[in-house]
Amino acid sequence: MAPPRFLSTLLAMLPPASPLALLPSLTSLTAAAAPVLTSSPAAAAALHLCIGGVAGSAGALSVYPLDLIKTRLQSEEGKARFANGLEAARDVLAHDGPLGFFHGVSTQLVGVAPEKAIKLSVYAAVSGAACWHGAVPLHGQVLAGWLAGLSQTVVTNPLEVVKVRMQLGGGRAGELLRELRWGGLYTGLEATALRDSTFSAILFPINEHIKPLLLSQLGADHAFFCSLLAGMIAATPAAFLTTPADLVKTRMQQGRELLLAQQGACVPGFAPPPSFGAVAAQVLREEGAATFFDGCAERVARSAPQFGVTLAMLDLMNDFCLAHGLAL
């Protein structure tokens, strides 16, 4: 069966060679490193960390400005000031310049390697469990994705707290870490856990089913493009359906004292509502149910290409490592 016309057009624009051909200079290096990496569990774990870090960083950097705009739209101040993402983008550009779109990116990049390493390792461990007898059913993929997303929150939540406050103009990373201390870094943990576990439970099964279909239609020569497109398709419903949890997470982590300071008030020790339920009920009562999907377009526009790039880069590097004898 011939691929759809729009895919044929896209494929005609791609280079005929496999993306692996872009990495010939690494061949001798990986050949020399293979005996070391295949014989040491610690080295194999480090390899997972590096692969996850590179793939995750590529995905995060490619769409970070959209993440910043999404966060501003979901904050209480943003809800009052901006009608849409375009207004928020103009405000960032006017006050902070082009580099303002990358406030907080450092925390994202610091955490992306351990986050992706944890997520991918847990997913691989659960989906590769002996109880599935080599054929993981749909509910097994959902369970593996859910546990993978849940496990990463130990890393993502502290980084999300710092990133959200930096994106809202709350200071530098070092200052925020001293101010928040250990307990403050886990503000909104239940919202982050709900968002990340649900997202991964949707993302991984859809990706696992879509990618083979695309490969069968387009052929192995376009494996990178198939991974990219499958990741984008899978991330679209995952991002949309988890927007309410993401909005509540942003409200919990923005810091009510930060909002009051921006409005010219000062209430020392004033804390945000203590639970997911309290914040969600407040949003529903004061702003209506539609507010839970504020920023959903920006979230989908960010997540689809981000996870497309991340999963495609992940497959690319996994294939390259396997082709050169590196154990994964």
Side-chain angles (χ1 to χ4, degrees), residues 60-108 156 159-173 176 187-188 191-192 194-195 199 235-267 270-273 276 278-306:
L61 277 174
S62 64
V63 292
Y64 189 82
L66 286 171
D67 182 61
L68 182 136
I69 293 169
K70 181 268 303 178
T71 299
R72 297 212 171 181
L73 286 175
Q74 290 181 338
S75 69
E76 290 182 66
E77 185 198 16
K79 171 73 175 177
R81 290 181 59 193
F82 309 124
N84 52 55
L86 205 55
E87 287 188 10
R90 281 199 292 261
D91 182 74
V92 173
L93 197 59
H95 290 89
D96 303 312
L99 291 180
F101 289 105
F102 290 91
H103 279 168
V105 72
S106 57
T107 60
Q108 181 92 342
T156 55
L159 295 167
E160 285 283 317
V161 172
V162 175
K163 184 191 75 172
V164 164
R165 296 202 181 195
M166 289 180 71
Q167 288 179 337
L168 297 176
R172 296 179 179 274
L176 291 169
T187 301
T192 304
L194 177 61
R195 182 199 65 174
F199 185 96
T236 297
F240 178 78
L241 293 172
T242 54
T243 298
D246 189 56
L247 180 131
V248 175
K249 179 199 74 68
T250 297
R251 295 293 180 91
M252 295 177 74
Q253 293 176 344
Q254 70 177 15
R256 187 67 70 118
E257 69 280 0
L258 172 60
L259 176 64
L260 292 172
Q262 290 170 335
Q263 295 174 343
C266 182
V267 183
F270 194 98
F276 181 94
V279 177
Q282 181 183 20
V283 171
L284 183 62
R285 181 176 62 253
E286 297 180 3
E287 302 174 52
T291 299
F292 286 112
F293 285 92
D294 280 355
C296 69
E298 289 75 14
R299 177 165 165 78
V300 169
R302 180 211 61 154
S303 295
Q306 177 183 354

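Hydrogens, waters and symmetry mates are skipped; everything else that's a heavy atom, side chains included, is used. Everything numeric here is computed off the predicted structure, so don't read it as measured data.
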Using the side chain to side chain donor-acceptor pair (under 3.5 Å) criterion, which residues pair with [X]? Sequence neighbours excluded.
| X | value |
| --- | --- |
| R302 | D67 |
| T71 | Q167 |
| R90 | none |

Atom of [X], atom of [Y] and distance for their closest heavy-atom approach:
| X | Y | result |
| --- | --- | --- |
| A191 | F276 | CB-CD1, 3.5 Å |
| Q254 | V164 | CA-CG1, 4.0 Å |
| V92 | L68 | CG2-CD2, 3.7 Å |
| S75 | T250 | N-CG2, 4.2 Å |
| A304 | T236 | CB-OG1, 3.7 Å |

Is there a side-chain contact between [X] and [Y] in this structure, where contact means two heavy atoms from C-beta onward sitting under 4.5 Å apart?
| X | Y | answer |
| --- | --- | --- |
| T192 | M252 | no |
| D91 | R72 | yes |
| T291 | E286 | no |

(request) Sequence neighbours left out, what passes salt bridge (charged side-chain N to carboxylate O under 4.0 Å, His left out) with E87? Give chain and number order. (result)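 Residues passing salt bridge (charged side-chain N to carboxylate O under 4.0 Å, His left out) with E87: none at all.
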
Identify every side-chain donor-acceptor pair in residues 292-299 under 3.5 Å, counting partners at least two apart or on other chains, and give the distances.
{"residue": "D294", "atom": "OD2", "partner": "K79", "partner atom": "NZ", "Å": "3.2"}
{"residue": "R299", "atom": "NE", "partner": "A239", "partner atom": "O", "Å": "3.1"}
{"residue": "R299", "atom": "NH2", "partner": "T242", "partner atom": "OG1", "Å": "2.7"}

Going by atom type alone, with no hydrogens or angles, which donor-acceptor pairs under 3.5 Å involve a side-chain atom of residues 96-104 and a protein atom two or more places apart or on another chain?
none

(request) Hey, could you give me the CD/CD distance between Q253 and E160, rounded to the nearest 0.5 Å? (result) 6.0 Å

